[in-house]
Structure formats: structure tokens, C-alpha cells
2 protein chains.
Amino acid sequence: MPSDLPALLGDLITVNHRLARVAAHAADGRESPAVWRTLSVLRQLGPIRLGEVAARSRISQPTATKLVTHLVERGWAARLADPLDARVTSTVITPTGDAALSAWRSELAEALLPMFDGLADAELTTIRNAVDILRDRLDGSEVPAERVPVAASAASAASAASAASPAAGTPAGARA
Amino acid sequence: MPSDLPALLGDLITVNHRLARVAAHAADGRESPAVWRTLSVLRQLGPIRLGEVAARSRISQPTATKLVTHLVERGWAARLADPLDARVTSTVITPTGDAALSAWRSELAEALLPMFDGLADAELTTIRNAVDILRDRLDGSEVPAERVPVAASAASAASAASAASPAAGTPAGARA
DNA sequence: CACTGTACATAGCTAGGCTATCTATGTCCA
DNA sequence: TGGACATAGATAGCCTAGCTATGTACAGTG
């Protein structure tokens, strides 16, 4: 009864899009959101294969190839051959990339500060909690992908996601 | 102490980007987020000049021209000449466009439901409140531009948000 | 009536995203 | 062992949202 879910989701996505536009203007026009998003994935998940990058980022594999290639050229990521499977190349974030990502986050935060300045602690907490909840759902509903018995994946993913719901205070390490 | 603001903003934007990707897959690949975002602006603000569309959507004027042109071709918006200023064309959403937007919201909600299913009421309320807070900041920090008694808008919007926080059932007119 | 400013349109570019397809490698089974 | 199928990633080619720079028409003002 807190509200009808469909309307909430519609509003959520709409606000999300608007916020994305603001963020686009906020920091460092030299690099794009996709770059930072990809770097975040790399930082968060360590050496990771291309397909996983794509799945996590919710982009297609060719797009992931492009982005990772760009990151490597930029010196922000490096590729590692897999000793067990010659088809695979894993990607890691480099120290430079890590620093760049941090710098971007700072710059972004500074740029957005005026917009969020003066929020009450309670409001900040609300946003913090909402972010954590959403992140959990995003992670939870992730295609578990890896060698999961095909048919089961959709259903089990959904129920697994439901089970994970009450956690609000994420363990702080989860950021990226 | 609820958290350091910079980190919160970084997380917020990161989650925002991830959610945007999910939404991109969720509904109606035939039309793009930009189209729905623009339609939302039109629905929300009625007949509105092109420059205002651009400012509200945080896009450049040429991009707004493109999007509106597309909407008009699609039959989802119509242009109105301004009797007082021949340079100006205002744009309105058509009934068809309104219906299309509603349909999209429904479709989107249905597609996202599995991901948000099983959330506790408290969690839904948290998200609802966060959405409201963010929308207020987005509106408030908007270039007030149009003959608005400049100073008042930001402050009043902010306090309204704080006051509204425990309330779950938004006034229903606010959506777009 | 010329001059500056404003509202929108046009041109041309970049980059993220996609599908379709190819190559190379792995795996499995007769 | 060798061939058939599966999987990881790369390549090609396209579309579209976004941008800047610039053009055009009208408004307003000395």
C-alpha cells in the first residue's frame, strides 16, 4: 500500500534518466559514462573475462570489446591471457585506471555538491539506503550466467533476488 | 555522519548508470529513452517552447530540435505557432503521445517487476522517498529561467521534500 | 532604419549501442 | 583420433543521441 509499484518504477526510471543527464554535464567531458561504468566493473570484480564485463554492464559483447580496447589504449586497463583457455582474455584495472576512476568520482561529487547541499541527514540516509537497495537488486538479478543450468537460471535468479531483500546496510566494501 | 557525501554521490551515479542499462533492455526497444524522457517533459509542462525542452532535459537546443521533430513525425507531439513571437514554436504532447507514454510506463513496470518483487514495504517507501527527494533537487536546481520568482523556488522545493518524506502516497499529479 | 540579441534550424562530427558474422579454441563422443 | 558442435572473443557495418559551430529569421531598441 505504500504506493502502486508500477507508478513507482516509472518515476524511478524517469528520475534516473534526468539524473543521468545532469551527471553527464557534471564532470569530465573528456571521457564518457560508459568508460567509468566499465572501470567500476573492473575495479569491483578484479580480473574478469570480457563476457562477464558485458553481462555485468548489461551491454553486448562487442560493445564490451570496444570499451575494454579503449581502456587498454588509455592505459587504464590491461589484458591477461588465461593459461587454461586460450580463447579467454581477462581484463584488470591498472593503478592508473584506478586513480582515474577515483579522480572522476571526486570531480563528480564536487560538481554535484551544490545540487545536494543542504539536504538533511535524514534525506541523505534515505538516498544512501535507496542506493544500497537498488544495488542489491541489480546485483541479485544479475544473470548468474556462468555455467548455470540453463532453464533454472531465470527462475532461480528471481527467487534468489527476493531472498536477498532485507539487507540494507551493505558491507561498505561493495562500492565501485 | 550518515556517510561522506562524495562517496554517496559517486555510488548514486554509478548505480544510476547501471539502472539505466537495465531499463534500456527492459521495455520497447523500438523507441529510445530520450524519446520517453522528452515526452515526459511535454506531458509535465504542457505547451512548451523548444529552448525550455532543452533546458529541462539538460540537452542542447539542436538535440531538442531533433527529438521534437521525431516526436512530431511519430504523431506523438504537435507544434503550435506563437501568436506573439514568430520565432517561437511551442510543442504539445498529443493524446496518442500521452497514451504511448503511459503504455511505455506500464510495459517498463511489468518488465522490471521481477527485479523488484518481494521488496518490503519499508524498502519501497525508501525508494519512493529517495525518488521524490531527487526529483525535487533536479527541479530545484533547474535553471529557473522562466519568469519564476527566482530565489523562492529552490528553497521551497527543498523544504517541501523534507516535509514529504514520511508520506508515501505522492499527490499523484506530480508524475510524468 | 540599421544593430544587436534571441529562437530555432541545419550541417557535420563523435561515440555508445546494437546485430550479424568470423575465427580460434575447447569439448565430447563415435 | 577425428569430426561435430559449443563457446570466447574480434570484426564489420549500422543507427542514433549527443555535441559544437553556424545559419536564418524575427524582435526589440537606439
Side-chain angles (χ1 to χ4, degrees), chain A residues 17-18 20-39 41 47-74 77 79-91 143 145-150, chain B residues 17-18 20-26 28-39 41 47-74 77 79-91 143 145-147:
Chain A
H17 283 152
R18 293 179 60 192
R21 290 269 68 222
V22 172
H25 287 301
D28 195 350
R30 286 152 297 182
E31 291 296 337
S32 68
V35 164
W36 305 120
R37 187 194 59 218
T38 310
L39 266 187
V41 169
I48 181 182
R49 18 169 93 196
L50 230 171
E52 264 290 286
V53 172
R56 287 284 178 165
S57 307
R58 313 265 186 172
I59 59 182
S60 67
Q61 171 262 309
T63 300
T65 297
K66 256 195 218 172
L67 287 168
V68 166
T69 300
H70 180 179
L71 289 179
V72 170
E73 284 167 356
R74 209 87 171 59
R79 308 187 101 133
L80 312 172
D82 186 323
L84 300 177
D85 187 337
R87 293 168 303 175
V88 172
T89 46
S90 291
T91 308
V143 206
E146 293 315 272
R147 58 213 66 166
V148 173
V150 192
Chain B
H17 283 151
R18 293 179 60 192
R21 290 271 66 222
V22 171
H25 287 303
D28 196 350
R30 285 152 298 181
E31 292 296 338
S32 68
V35 165
W36 305 121
R37 187 194 58 218
T38 309
L39 267 186
V41 169
I48 181 181
R49 20 170 90 196
L50 231 171
E52 263 291 284
V53 171
R56 287 284 177 167
S57 307
R58 313 264 185 171
I59 59 182
S60 67
Q61 171 261 310
T63 300
T65 298
K66 255 195 218 170
L67 286 168
V68 166
T69 300
H70 180 170
L71 288 179
V72 170
E73 284 168 355
R74 210 88 172 60
R79 309 187 100 135
L80 311 171
D82 186 322
L84 300 177
D85 187 335
R87 294 169 301 174
V88 172
T89 47
S90 291
T91 309
V143 205
E146 291 315 273
R147 57 211 68 167

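Throughout, protein chains are lettered first and strands after them, A, B, ... in sequence-line order, and every chain is numbered starting at 1.
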Original post:
When you check the side-chain N and O atoms of A/Glu73 and A/Thr69, is any donor under 3.5 Å from an acceptor?
Top reply: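 No pair is found: no donor N or O on one side chain lies under 3.5 Å from an acceptor on the other.
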Please confirm whether the shortest side-chain N or O distance from [X] to OP1 or OP2 of [N] is below 4.0 Å.
| X | N | answer |
| --- | --- | --- |
| B/Arg37 | D/dG18 | yes |
| A/Arg58 | C/dC18 | no |
| B/Ser60 | D/dG18 | no |
| B/Ser32 | D/dA17 | yes |
| A/His25 | D/dG18 | no |

**OP:** Let me know, please, whether B/Ile59 or A/Ser90 comes out on the 5' side of the other along DNA chain D by nearest nucleotide.
**Re:**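 Nearest nucleotide further toward 5': that of A/Ser90.
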Whole angstrom value for the distance that separates [atom2] of [N] from [atom1] of [X]:
| X | N | atom1 | atom2 | value |
| --- | --- | --- | --- | --- |
| A/Ile48 | D/dA8 | CD1 | P | 13 Å |
| B/Asp85 | C/dC8 | CG | C1' | 10 Å |
| B/Glu52 | C/dA7 | CD | C1' | 13 Å |
| A/Asp82 | D/dA8 | CG | C1' | 11 Å |
| A/Arg18 | D/dG18 | CZ | C1' | 19 Å |
| A/Arg49 | C/dT25 | CZ | P | 15 Å |
| B/Trp36 | D/dT16 | CH2 | C1' | 16 Å |
| A/Arg21 | D/dA17 | CZ | P | 12 Å |

**OP:** Run the numbers on B/Val35 and B/Arg74 for side-chain contact (heavy atoms from CB on, under 4.5 Å), then give the verdict.
**Re:** CA-CA 10 Å; B/Val35 165; B/Arg74 210 88 172 60; over 6 Å; no
Original post:
B/Arg79 or B/Arg87: which one's nearest nucleotide on DNA chain C is closer to the 5' end?
Top reply: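 The residue whose closest nucleotide sits nearer the 5' end is B/Arg87.
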Subject >> Spatial distance of atom OG1 (A/Thr63) from atom CG (A/Leu50) [nearest 0.5 Å] >> reply: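 Spacing of OG1 (A/Thr63) from CG (A/Leu50) equals 10.5 Å.
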Subject >> Contacting residues from residues 62-74 of chain A, given that a heavy atom lies under 4.0 angstrom of DNA chain C >> reply: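 Residues of residues 62-74 of chain A under 4.0 Å from DNA chain C: A/Pro62, A/Thr63, A/Lys66, A/Leu67.
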**OP:** Taking side chain to side chain contact (heavy atoms under 4.5 Å, CB included) as the test, write out the residues that go with B/Thr89, two or more places apart.
**Re:**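 With sequence neighbours excluded, B/Thr89 shows a side chain to side chain contact (heavy atoms under 4.5 Å, CB included) to B/Arg79, given in chain and number order.
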**OP:** Determine, stepwise, if the pair B/Leu67 / B/Arg37 fulfils side-chain contact (heavy atoms from CB on, under 4.5 Å).
**Re:** CA-CA 10 Å; B/Leu67 286 168; B/Arg37 187 194 58 218; 3.8 Å; yes
**OP:** Please answer whether the main-chain N or O of A/Arg58 pairs with a side-chain N or O of B/His25 as donor and acceptor at a distance below 3.5 Å.
**Re:**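 Flag set: sc B/His25 to bb A/Arg58 pair under 3.5 Å.
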**OP:** State which of C/dC8, C/dT19, D/dA17 makes the closest approach to the side chain of B/Ala34.
**Re:**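 Of all the options, the side chain of B/Ala34 is nearest to D/dA17.
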Original post:
Is a donor-acceptor pair below 3.5 Å formed from side chain B/Gln61 to base C/dA7, judging by atom type as modelled?
Top reply: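 In this structure, the two groups form no donor-acceptor pair.
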**OP:** Give the intermediate values and the outcome of side-chain contact (heavy atoms from CB on, under 4.5 Å) for residues B/His70 and B/Glu31.
**Re:** CA-CA 11 Å; B/His70 180 170; B/Glu31 292 296 338; 3.5 Å; yes
